[in-house]
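We name chains A, B, ... by the order of the sequence lines, and we start the count at 1 in each one. Any value given below was found using the heavy atoms of this structure, including those in side chains, with hydrogens, waters and symmetry copies removed.
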Amino acid sequence: MKAARGVLLGALVGGLAGILAFFGTSLALGLFAGLATEFRLEAAFGFGALFGAAIAKIPPKPRQHPATLILTALIGAALAWLAGERLGQPGGIWLILTGGASGALSAYALRDLPGEPGGRETYETLGLKGLRAVGFLFFVFVVVFPFWAMLVASLKPRAEFLADPANLSLPTHLFESGLGAGLAKVLEGYRAVLVDYNFLRYIANTAYVSITTMVLTLFLSVLGAYAVARLEFRGRGLMERAVLLTYMFPAIVLAIPLYVVFTQLGMRNTLSGLIIVYLAQTLPVALYMLRSYFETIPQSLEEAGLIDGCSRLEVIWRITLPLSLPALASVGLYVFMIAWNEFLFAFMFLDTPEIFTLSRGMVALNNQEVPYQYLMAGAVIVTVPVMLLFFWFERYLIGGLTAGGVKG
Amino acid sequence: MRRSLKAREARLAFYLLLPTVTIVLLIVIFPVVANFWIAFKDIRLGDLRAPKAVVRERILKTPTAPGEQLVITYRVENRSKNPIVSTTIRDSVPAGLAALTLPPECTLAAGRLTCRLAGPEPRQRVTLTVTFLAEKAYFDAGRPSPRANRPLVETRAKNPLLAKPWTAGNLIRVFQDPDFWPMLWVTLAYTVFGTTLSILLGLFAAQLLVVRFRGRNLFRGLFLFPYVAPVIAVAFVWVFLLDPFSGTVNALLQKYGVASQPIPFLSQRTWEISAFGASVRIPLALTAVILFEGWRYFPFAFLFILARMQAMPAVLFEAARVDGAGPWQTFRHVTLPQLLGILGTLFLLRFIWTFNKFDDIFLLTGGAAGTETITIKVYDYAFARADLGLGAALAVVLFFILAFFLSLYFRFAPKGEV
């Protein structure tokens with residue numbers, strides 16, 4: 001009786017794992033590799049169930065060796081290869097991969113099950129494992145899918161994309177006529193956007209605005225944060241609360257009056273005007289983040305400097321700043337990203353194409369006459385620098401994100 | 001001595017904070033005040049240009065021999081809708097022309113004609129006629145045309161921002177707009193559901209990554225992508241992917257048999273779902289922007305929840321396991337209670353920011369198909385309809401609703417987690 005229940009459970013879990021593995025691979029192979037896939041629910045369930053029932057017989061050992069996972073994956077792969085075309089996957093290596101994934105998933109679900117077989121805890125653990133598998137698949141897919149689509153759409157001519165929008169494979173066949181000709185075809189969108197639509201200029205403008213904002217914000221917020229963290233003065237508490245408050249003001253409430261005043265002062269259609277607005281938007285948070293960091297530096301270090309005859313400004317320069325480099329990196333990156341990504345004010349303030357930032361340039365690119373390929377190439381150009389920075393400095397950035405609770 | 005040190009420190013603090021405070025005052029606090037000002041004036045986009053008098057000089061009569069008359073008119077026109085206080089025209093008069101009749105506004109001295117007049121009123125024009133007697137010297141000089149150099153015009157006008165009368169008309173129009181209440185509901189639905197969805201997704205994602213395994217940092221970086229990427233790029237990509245005819249999402253839905261016809265996610269107000277004989281109408285575009293909100297901001301909640309979970313003492317989980325608690329009980333009775341503080345803070349914070357959000361919906365739908373939130377409407381009033389006063393009035397309403405939420409936030413946010 002117990003054994004029968006174990007086999008049944010194994011079949012059920014294996015079936016669900018089969019569905020997940022077959023659906024996932026069918027989706028991934030069809031979408032990202034452009035293979036002709038077909039998802040057959042009953043085939044996937046049947047394959048997984050047979051497999052699960054078979055391995056359920058193996059007595060569950062605590063802390064199974066990872067080799068068993070590999071072994072089950074291999075068995076799954078072999079079975080899938082035997083089952084062949086009935087499973088709806090494209091043949092050969094892909095079929096073996098799918099079977100392997102299904103097998104490994106079943107084994108992962110069925111191993112290390114606590115409690116009585118068929119008890120509440122068993123089901124909960126199985127449910128948890130299922131949720132984890134579904135969760136990983138879901139999150140990786142929803143995050144990778146749009147960025148991958150952006151990249152592929154920027155490399156494919158429009159007609160080709162329209163022929164099968166559900167095929168997001170890299171256009172490798174364009175290289176059949178040779179590497180040079182292939183590259184010219186694939187990179188046509190980038191050439192057009194960078195040269196014809198002046199994005200080279202916009203990149204320079206955006207970099208100028210972002211770097212200037214970053215440097216100025218860092219400079220001013222270091223001074224301000226030091227004052228709030230270390231010096232005694234009236235209204236310090238008020239100051240801190242005001243900083244937080246400005247951080248929650250809606251940009252759109254500031255947009256109309258700033259538009260009006262900047263227009264009348266002749267500052268609206270200028271990059272300097274934009275930089276001032278970005279400064280005001282980033283300074284409060286930068287100050288807040290740096291202040292928290294400065295407060296973690298032992299005051300005795302600074303006092304030693306003061307006793308040795310340094311002025312306060314010298315103390316900031318020689319003691320506080322060298323100790324705060326990680327925080328400065330976090331804040332600097334955060335400010336750079338805010339300025340680089342900003343849309344609303346760039347969109348409202350800038351009229352002259354020569355001084356467009358990338359955000360503003362993208363809006364100009366978004367019209368009926370420009371093919372989507374170019375728009376997506378533009379999107380890649382805007383995104384790539386941020387992503388590179390993000391991966392290089394991930395550690396700092398995550399520190400900054402959590403310390404300040406970056407607005408977005 | 002002690003006191004003077006204190007005073008010195010306070011003065012240093014003042015100087016250190018001065019630039020930051022000045023910039024924030026000018027660019028954040030002042031605009032909020034100015035917004036109130038504009039809200040109570042009938043100011044249009046066109047009023048931002050100061051009115052200028054346009055002057056056209058014409059010669060009505062040209063002398064052919066000494067002793068004849070030369071007649072010039074200056075037509076002064078105010079083409080704007082705003083009043084001009086005064087206009088001054090300066091023109092040089094060739095030698096050998098003596099004034100016969102001068103309008104009372106004008107004087108002629110040392111070959112320079114100066115006319116100073118009040119106005120003109122909006123959309124009005126005033127014509128000044130000057131008659132000269134041409135003397136012999138004029139012909140000796142070769143009859144130079146008085147139009148050879150253009151008159152210099154100086155306009156003095158009050159800034160319409162300051163000069164226009166106070167009015168409550170904008171506020172009244174905001175509340176009378178039949179879109180007002182629907183827009184408020186849309187904003188509320190977008191904010192509540194968008195916030196909840198992003199936090200639930202973040203909570204889920206954090207559960208996945210709290211367990212230590214190889215490659216965890218890679219996943220953590222990956223999960224943050226939607227949040228750190230520029231909004232302009234991700235919004236355009238989703239518009240592209242959700243297109244009913246050439247979009248990948250619709251192609252996939254049809255391939256897997258989920259939808260039988262293309263779904264215009266971002267351009268249709270409602271969609272009917274029929275299942276088991278019953279049919280439900282859901283607000284389609286609004287649902288799509290809420291899903292986008294959840295997608296784009298789950299990393300924010302994820303990061304905070306993950307950080308909080310990694311700081312939880314392992315002893316508690318150990319104890320729960322010893323007591324025989326299953327996964328669900330552990331989550332429900334050990335993890336969740338410790339997360340309540342951060343979840344509450346996250347909810348309030350994200351609620352306020354989503355409420356203020358403009359870019360995302362503007363780029364996805366432009367506020368069409370039942371997705372018009374307050375912020376989108378502010379933009380629509382002020383810039384699409386060129387009515388700055390009306391936009392500012394709605395911004396005032398937004399500001400007060402926000403102030404209410406903020407007061408809640410400062411009241412209920414746990415200390416140290418703001």
Side-chain angles (χ1 to χ4, degrees), chain A residues 121 124-125 128 132 135-136 139 142-143 146-147 149-150 162 165-166 168 220 223-224 226-227 231-233 244 246 248-254 256-258 260 263-264 276-277 279-280 283-284 287 312 337 341 343-344 359 362 366 372 375 379 382-383 386 390-391 394 401-402 405 407-408, chain B residues 6 9-10 12-13 16-17 19-20 23-24 27-28 31-32 34-35 38 48 204-205 208 221-223 225-234 236-238 240-241 246-248 251-252 255 295 303-304 307 326-328 352-353 356 358-359 375 378 382 388 391-392 395 398-399 402 406 418:
Chain A
E121 212 181 339
E124 269 187 24
T125 308
L128 192 74
R132 285 183 67 82
F136 268 108
F139 279 108
V142 295
V143 168
F147 290 98
M150 179 162 95
L162 282 182
L168 294 181
L220 295 179
L223 299 181
Y226 187 83
L231 302 177
E232 291 271 328
F233 61 94
L244 268 179
T246 58
M248 310 218 172
F249 275 1
I252 197 81
V253 170
L254 311 183
I256 294 175
L258 284 178
V260 168
T263 304
Q264 296 216 324
I276 294 179
V277 174
L279 263 180
L283 263 175
L287 200 149
R312 277 285 185 185
M337 269 174 44
N341 291 355
F343 163 72
L344 175 62
S359 289
M362 282 292 286
N366 183 27
Y372 258 119
L375 189 68
V382 188
T383 311
V386 178
F390 175 70
F391 264 113
E394 191 189 328
L401 286 167
T402 35
K407 187 174 186 169
Chain B
K6 235 183 173 171
E9 291 224 318
L12 180 63
L16 291 181
L17 278 166
T20 302
I23 290 175
V24 171
I27 307 293
V28 182
V32 174
N35 188 73
I38 298 167
L48 294 185
F204 189 12
L208 295 179
L222 199 66
F223 283 9
F225 261 35
Y227 187 62
V228 292
V231 59
I232 189 109
V234 291
F236 282 169
V237 170
W238 278 112
F240 173 64
L241 291 174
S246 58
T248 305
L252 280 180
K255 182 179 167 188
W295 175 79
L303 208 55
F304 278 80
W328 169 247
I352 288 165
W353 286 342
N356 292 343
F358 170 80
D359 306 2
T375 52
V378 169
L388 293 171
L398 171 80
F399 185 80
L402 181 74
L406 273 179
V418 277

Open item on the list: Can you tell me which portion of B:Leu208 sits under 4.5 Å from chain A's heavy atoms? Options are side chain, backbone, both or neither.
Closed with: both
Task: chain B contact via A:Thr383 - side chain, backbone, both or neither, heavy atoms under 4.5 Å - done: both
Task: Reported CD1-to-CD1 distance for the pair B:Ile27 and A:Ile276, which is rounded to 0.5 angstrom - done: 5.5 Å
Task: Reported OH-to-CG distance for the pair B:Tyr227 and A:Asn341, which is rounded to 0.5 angstrom - done: 10.5 Å
Task: Per-residue contact mode, A:Leu162 against chain B (heavy atom under 4.5 angstrom) - done: side chain
Open item on the list: Is A:Gln264 in contact with chain B via its backbone, its side chain, both, or neither, using a 4.5 Å heavy-atom distance?
Closed with: side chain
TODO: Could you tell me which portion of A:Val253 (side chain, backbone, both or neither) has an atom closer than 4.5 angstrom to a non-hydrogen atom of chain B?
DONE: both
TODO: Establish, yes or no, whether a centroid distance under 6.0 Å links the rings of B:Phe236 and A:Tyr372.
DONE: no
TODO: Under 4.5 Å heavy-atom distance to chain A, tell me which part of B:Trp328 shows up: side chain, backbone, both or neither.
DONE: both
- [ ] Name the member of A:Leu220, A:Leu168, A:Ile252 that forms the most heavy-atom pairs with chain B at distances under 4.5 Å.
- [x] A:Ile252
TODO: Could you have a look at B:Ala233, B:Pro230, B:Ala13, B:Ala395 and say which one has the most heavy-atom pairs with chain A under 4.5 angstrom?
DONE: B:Pro230
Open item on the list: Quick one, B:Val28 and A:Phe249 - any side-chain contact, counting heavy atoms below 4.5 Å?
Closed with: yes
Task: Segment of B:Leu222 engaging chain A (4.5 angstrom heavy-atom cut-off) - done: both
TODO: Mind ranking A:Leu128, A:Thr263, A:Leu283, A:Val277 by heavy-atom pairs under 4.5 Å with chain B and telling me who comes out on top?
DONE: A:Leu283
Task: Centroid-centroid under 6.0 Å between A:Phe391 and B:Phe225 rings - done: yes
TODO: Give a yes or no on whether the backbone of A:Val142 and the side-chain of B:Trp295 come within a donor-acceptor separation of less than 3.5 Å.
DONE: yes
TODO: Measure distances from A:Leu344 to the heavy atoms of chain B and classify the residue's part below 4.5 Å as side chain, backbone, both or neither.
DONE: both
TODO: Would you check, one step at a time, whether the test side chain to side chain contact (heavy atoms under 4.5 Å, CB included) holds for A:Leu287 with B:Leu17?
DONE: CA-CA 10 Å; A:Leu287 200 149; B:Leu17 278 166; 4.2 Å; yes
Open item on the list: Are the side chains of B:Leu48 and A:Val260 in contact, using a 4.5 Å heavy-atom criterion?
Closed with: yes
TODO: Go through A:Pro146, A:Pro284, A:Gly135 and name the one with the most non-hydrogen pairs under 4.5 angstrom from chain B.
DONE: A:Pro146
Task: Residue part contacting chain A, namely of B:Ile23, when any heavy atom lies under 4.5 Å - done: both
